[in-house]
K.L.:
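Can you keep this structure in mind? I'll have questions shortly.
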Amino acid sequence: MTRRSLLWTATLVLLGLSLAGNFFLLGYAAHGLRQGSAAGGLITEIAGAYSPEVRKEFRSIRRANRPRTLAALRELRMARANLAAAQQVSPFDEAAVKDAMAAVRTATTNLQATMQDYLLTALKNVKAKPAAGS
């Protein structure tokens, strides 16, 4: 191979790696956005039936407890990923799938309890505030 052909081949390889990396990062970012919107829909559904004051307080409490919320979401994502992996094992291991399903239920319950704790705190905080004009 000539020096020029080696340089051309190296350039093409680097271009291919760069494109692959960009596609991976775009896919990863899109996945993260989709997960975030799903969590936002859950939160809207939870707080949607309450007064604007309670919703505002709920958002404030969520922001203050962001690490706890993200940890609960991460736990649920990991449990779901483990369930997906368990069901693909060959030969099929029913006990492992049942254990993975139980972990998903536990993580879901944990996330729900976390959101309900925030909501209860928001309700108590709003009720404890003196009414406007009093």
Side-chain angles (χ1 to χ4, degrees):
M1 274 188 158
T2 66
R3 181 178 176 165
R4 186 173 183 192
S5 65
L6 279 174
L7 187 57
W8 182 247
T9 302
T11 301
L12 287 176
V13 167
L14 288 175
L15 177 63
L17 289 173
S18 175
L19 286 171
N22 287 334
F23 285 126
F24 172 78
L25 290 175
L26 282 173
Y28 185 76
H31 176 72
L33 290 173
R34 190 172 62 238
Q35 293 288 342
S37 66
L42 172 67
I43 290 166
T44 301
E45 185 178 329
I46 291 170
Y50 300 95
S51 70
E53 295 84 14
V54 171
R55 289 195 304 262
K56 182 179 177 185
E57 184 68 16
F58 181 70
R59 279 192 304 273
S60 173
I61 293 167
R62 264 193 2 253
R63 256 185 253 116
N65 291 286
R66 185 173 169 85
R68 179 181 171 198
T69 305
L70 291 177
L73 284 167
R74 200 171 15 259
E75 179 187 345
L76 180 56
R77 273 192 219 112
M78 287 179 59
R80 287 178 176 165
N82 290 341
L83 174 58
Q87 61 90 24
Q88 291 179 352
V89 171
S90 183
F92 183 73
D93 184 354
E94 183 178 350
V97 172
K98 282 184 176 183
D99 289 344
M101 287 177 170
V104 169
R105 278 192 304 277
T106 300
T108 302
T109 300
N110 181 35
L111 177 60
Q112 184 177 16
T114 299
M115 290 298 119
Q116 288 176 346
D117 286 347
Y118 297 166
L119 182 58
L120 180 61
T121 302
L123 289 167
K124 288 192 300 190
N125 290 351
V126 168
K127 298 293 181 189
K129 291 179 184 175
S134 297

K.L.:
Restricting to non-hydrogen atoms, name the atom on L83 and the atom on M101 that form the minimum distance, rounded to 0.1 Å.
P.N.:
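Reported closest heavy-atom pair: CD1-CG, 3.6 Å.
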K.L.:
Just to verify, what does E57 make a salt bridge (charged side-chain N to carboxylate O under 4.0 Å, His left out) with, not counting sequence neighbours?
P.N.:
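Listed in chain order: K129.
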K.L.:
Examine distances only and state if a side-chain atom of Y118 and a backbone atom of N65 form a donor-acceptor pair shorter than 3.5 Å.
P.N.:
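Yes, Y118 side chain to N65 backbone: donor-acceptor pair under 3.5 Å.
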K.L.:
A side-chain contact here means heavy atoms from C-beta on lying under 4.5 Å apart; do Q116 and L120 qualify?
P.N.:
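They are not in contact (no side-chain heavy atoms under 4.5 Å apart), so the answer is no.
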K.L.:
What's the separation between atom CD in E53 and atom NZ in K127, rounded to the nearest 0.5 Å?
P.N.:
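Spacing of CD (E53) from NZ (K127) equals 9.5 Å.
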K.L.:
Grab the two heavy atoms, one from A96 and one from A86, that are nearest each other, plus how far apart they are.
P.N.:
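That closest heavy-atom pairing would be O-CB, 4.2 Å.
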K.L.:
Please enumerate all residues that pass side-chain hydrogen bond (donor to acceptor under 3.5 Å, both in side chains) together with R74, with sequence neighbours excluded.
P.N.:
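side-chain hydrogen bond (donor to acceptor under 3.5 Å, both in side chains) check on R74 returns nothing, list empty.
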K.L.:
Between R68 and T114, which heavy-atom pair has the shortest distance, and what is it?
P.N.:
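Heavy atoms of R68 and T114 come nearest at NE-CG2, 3.7 Å.
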K.L.:
Please confirm whether the backbone N or O of K56 pairs with a side-chain atom of S60, one donor and one acceptor, at under 3.5 Å?
P.N.:
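Here the side-chain-to-backbone pair does not exist.
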K.L.:
Identify, with sequence neighbours excluded, every residue that meets side chain to side chain contact (heavy atoms under 4.5 Å, CB included) alongside D99.
P.N.:
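Listed in chain order: nothing, the list is empty.
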K.L.:
Find the distance between CZ (R59) and CZ (R63) and round it off to the nearest 0.5 Å.
P.N.:
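CZ of R63 is found 7.0 Å from CZ of R59.
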K.L.:
Tell me the closest heavy-atom pair linking A72 and N110, and the distance in Å.
P.N.:
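Here A72 and N110 meet closest at CB-ND2, 4.1 Å.
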K.L.:
Take I61 and L119 through the test side chain to side chain contact (heavy atoms under 4.5 Å, CB included) and record every step on the way to the result.
P.N.:
CA-CA 8 Å; I61 293 167; L119 182 58; over 6 Å; no
K.L.:
Consider only side-chain heavy atoms of I, L, V, M, F, W and Y, link residues closer than 4.5 Å, and tell whether M78 and V97 are in one cluster.
P.N.:
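Different clusters: M78 never reaches V97 through Ile, Leu, Val, Met, Phe, Trp or Tyr contacts under 4.5 Å.
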K.L.:
Ignoring hydrogens, what is the shortest heavy-atom contact between L111 and L73? Give both atom names and the distance.
P.N.:
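Answer, listing the atom of L111 first, then L73: CD2-CD2, 3.7 Å.
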